[in-house]
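Worksheet for the structure shown next.
All chains are named by letter (A, B, ...) in the order of the sequence lines, taking the proteins before the strands, and each is independently numbered beginning at 1.
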2 protein chains.
Amino acid sequence: MIPRDWRPRYLQLAEELRAQIVSGKLVQGAAMPSETELAESSGLSRTSVRNAIRQLREWGLVRAEQGRGTYVRAPRQRIRRHNTERYQWEKDRALLDEGQRRKTGGTEHDTGLTVDDLKFHAEYAQVPADDDMANAFDLPTGTLLLRRLYWTSSRHESAPLSVSYSYLPYDLVAANPELLDAENEPWPGGTQHQLFTVGVELARIVDEVRARPPSPDEAELLDIEPGVSVLALRKTSIDITDRVVEVADIVFPGDRTELVYTTDLKRWTT
Amino acid sequence: MIPRDWRPRYLQLAEELRAQIVSGKLVQGAAMPSETELAESSGLSRTSVRNAIRQLREWGLVRAEQGRGTYVRAPRQRIRRHNTERYQWEKDRALLDEGQRRKTGGTEHDTGLTVDDLKFHAEYAQVPADDDMANAFDLPTGTLLLRRLYWTSSRHESAPLSVSYSYLPYDLVAANPELLDAENEPWPGGTQHQLFTVGVELARIVDEVRARPPSPDEAELLDIEPGVSVLALRKTSIDITDRVVEVADIVFPGDRTELVYTTDLKRWTT
DNA sequence: GAGTGGTCTAGACCACTGT
DNA sequence: CAGTGGTCTAGACCACTCC
C-alpha cells in the first residue's frame with residue numbers, strides 16, 4: 001500500500017520542481033514554465049503554484065522577474081573569507097613597496113579570481129556620525145566621518161560579492177589628502193596601508209557577525225530573493241594606542257558566503 | 001497634496017501593525033486580532049491580511065500558532081558569543097581542579113545568566129561517519145563516531161539558545177568510558193576537559209560561519225518563524241599533532257545571536 | 001498586444017486548540 | 001463545540017517586459 005502524502009500540495013510541487021532543478025532537468029538560466037502553465041499541468045490553482053514558487057525562491061533556486069518570467073538560478077560564485085589570516089596578511093602587506101602591494105588585493109585572496117576578473121567600485125562621502133557610529137568610535141555624535149562605500153563583483157556575475165560601508169574619522173585621514181579622493185581607489189595595499197600613511201598601526205580587529213533579513217536596497221544590490229538572509233559583519237579596527245580607527249559594516253549574501261576564523265590556542269605548560 | 005501610497009496594501013497593513021508593536025500599543029505576548037477581525041477592520045480580504053502577517057513573521061515580530069492565534073513576540077534573550085576568548089578560556093579551565101571547573105560553563109560566559117537560570121540537555125549516540133563527517137575528520141567513511149546532541153535554554157524562555165551536534169572519533173574517547181555516558185553531562189570543564197582526560201591538547205579551532213534557512217526541525221526546536229535564518233557554525237578542533245579531534249555543528253537563531261571574533265595582529269618590527 | 005509575475009477578492013474546507 | 005490559523009480555489013485587475 002502506498003502511504004498517502006499528507007504534505008500540502010504546494011510543498012509537494014515545490015519539491016518536485018526542486019528535484020528537477022538539482023537533477024539538471026531544468027538547466028540553470030532556463031525559464032521555468034509560467035505560473036499559468038504550471039497551474040494547468042499540476043492541476044492546482046495559480047495561488048498554490050505561487051506558494052510553491054515562493055518556496056523555491058526562499059531556497060535560492062529560482063529568480064522571479066516581473067513581466068519576464070521565472071528563471072533557474074545559476075549556482076553562484078561562493079566566497080570563503082578567511083578573516084583571521086586575511087587581516088594579518090593585510091597588515092604584513094602594508095609594509096611592502098608599491099609594486100608588490102599592487103599585485104593583489106584581499107578579494108582575490110578569498111575567491112581564487114584574478115584582478116582582471118573583478119570589477120571594483122568605490123564612493124566617498126563626508127557624513128556626521130550618528131549615535132551608532134559615535135558609539136562604535138567612542139566619539140561625540142556628529143563628529144565628521146569619511147564614509148566609503150565599496151563593492152566588488154566578478155565579471156561573470158553582475159551582483160557584487162559583498163557591499164561594504166567603511167567609516168574613518170575625518171580628522172584622522174585628512175592628514176593625507178590623497179585618502180579623501182575616491183579616484184585613488186582601489187588603493188594598493190588597502191585600508192591598512194592607507195592608515196599606515198597617516199601613522200596608524202593596527203593592534204587588533206574585532207568582528208561581530210549576525211544574520212538578518214536584507215533591506216530592500218541590499219536585496220537589490222546583492223541580487224538575492226526575499227527570504228534569503230544576509231550575513232552582516234561589523235569590523236572594528238583598533239590601533240596600538242587602543243583607539244578605534246575604522247568601523248566597517250560589510251554585508252554578504254547569506255546563501256553563498258562563508259566566514260572562517262581560526263583561533264590559535266596557547267600551549268599548556270605543565 | 002497628500003502623495004498617494006503606491007505600496008501594496010498588505011505591506012501598508014504590515015507596517016501599521018509593526019508600528020503598533022514597536023510603539024508598545026500591542027504589548028509583547030498579547031494576542032493579535034484574528035485574521036478575520038483584521039480583514040474586517042482593514043477592509044482587506046483574508047488573503048491580504050495573511051500576506052501582511054507573513055511579513056511580520058519574517059520580521060520576527062509575531063508568532064503564529066495553529067488553532068490558537070497570533071501573538072506578539074517578546075524581545076528575545078540575545079547572545080553575544082565571544083568565540084576567540086571563549087576557546088582560550090575553555091582551554092585554560094581544563095587544567096583547573098574539579099571544584100573550580102564546576103563553578104561555571106561556557107554559556108553563562110556569553111549570556112550573563114547564572115547556572116541556575118539554565119536548563120541543560122544532552123543526548124549521546126554512536127553513528128558511522130557520513131561522507132561529510134569523514135571528510136571533516138579526514139577518516140574513512142563509516143568510521144564510528146560518538147555523536148552528542150546538546151541544547152541549553154534559559155528557564156525564562158522555553159526555546160534553546162542554540163542546538164549543537166558534536167562529533168568525536170569513538171575510538172579516541174572510548175579510552176575513558178565515562179565519556180560515553182550522557183549521564184555525566186554537563187561535564188565540568190566541557191569538551192576540552194573531556195579530551196584532556198584522554199590525553200588530547202588542542203592547538204587551534206577553526207570556525208566556519210554561514211547563514212541559511214532553518215530545517216523544519218531546527219525551526220521548531222529554536223522556535224523561529226519560517227523566513228528567519230539561522231547562523232550555522234561548524235567548529236573544527238585540531239590537536240597539537242594536527243589531528244581533527246572534534247567537529248561540532250552549532251545552530252543559532254539568526255535574529256538573536258551575534259558571534260564575535262578578535263584577531264590580534266603582530267606588531268610591525270620596523 | 002500578448003504574456004509575465006504581483007496583488008487582491010470572496011469564498012471554501014481542513015487541522016488544530018481551547019472549553 | 002466555536003474559533004483559530006493553514007490550505008486551496010477560481011476568478012480579477014495591475015505593472016511590467018518584449019515584440
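By the 6.0 Å contact criterion, CD on B:Glu65 is enclosed, its count of non-hydrogen atoms from other residues, nucleotides or ligands being greater than 12. A 6.0 Å sphere centred on CD of B:Glu220 holds no more than 12 heavy atoms belonging to other residues, nucleotides or ligands.
Both A:Ser34 and B:Gly67 lie near DNA chain C, and the one whose nearest nucleotide falls closer to the 5' end is A:Ser34. Heavy-atom nearest nucleotides on DNA chain D were determined for A:Gln66 and for A:Ser45, and the one closer to the 5' end corresponds to A:Ser45. Remark on DNA chain D: of its neighbouring residues A:Ser48 and B:Glu35, the 5'-side contact belongs to B:Glu35, judged by nearest-heavy-atom nucleotide.
A:Tyr150 and A:Phe120 have tilted rings, their planes meeting at an angle from 30° to 60° on a 0 to 90° scale.
Backbone-only contact: A:Leu44 has heavy atoms under 4.0 Å from sugar-phosphate atoms and none from a base. Nucleic acid contact class of B:Arg9 (heavy atoms, under 4.0 Å, all strands): sugar-phosphate only. Within the 4.0 angstrom heavy-atom criterion, only backbone atoms of the sugar-phosphate kind lie near A:Arg57; the bases stay farther away.
Protein chain B contacts DNA chain D from D:dG3 to D:dT7, reading 5' to 3' and using non-hydrogen atoms of the protein with a distance under 4.0 Å.
Checked by atom type and distance alone, the side chain of A:Gln12 pairs as donor or acceptor with a backbone atom of A:Arg7 at under 3.5 Å.
Rounded to the nearest 0.5 angstrom, B:Leu56 CG and B:Leu61 CG are separated by 6.0 Å.
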*Is there a salt bridge (charged side-chain N to carboxylate O under 4.0 Å, His left out) between B:Arg234 and B:Glu208 once you walk through the steps?*
CA-CA 5 Å; B:Arg234 167 157 294 185; B:Glu208 297 163 85; 5.3 Å; no

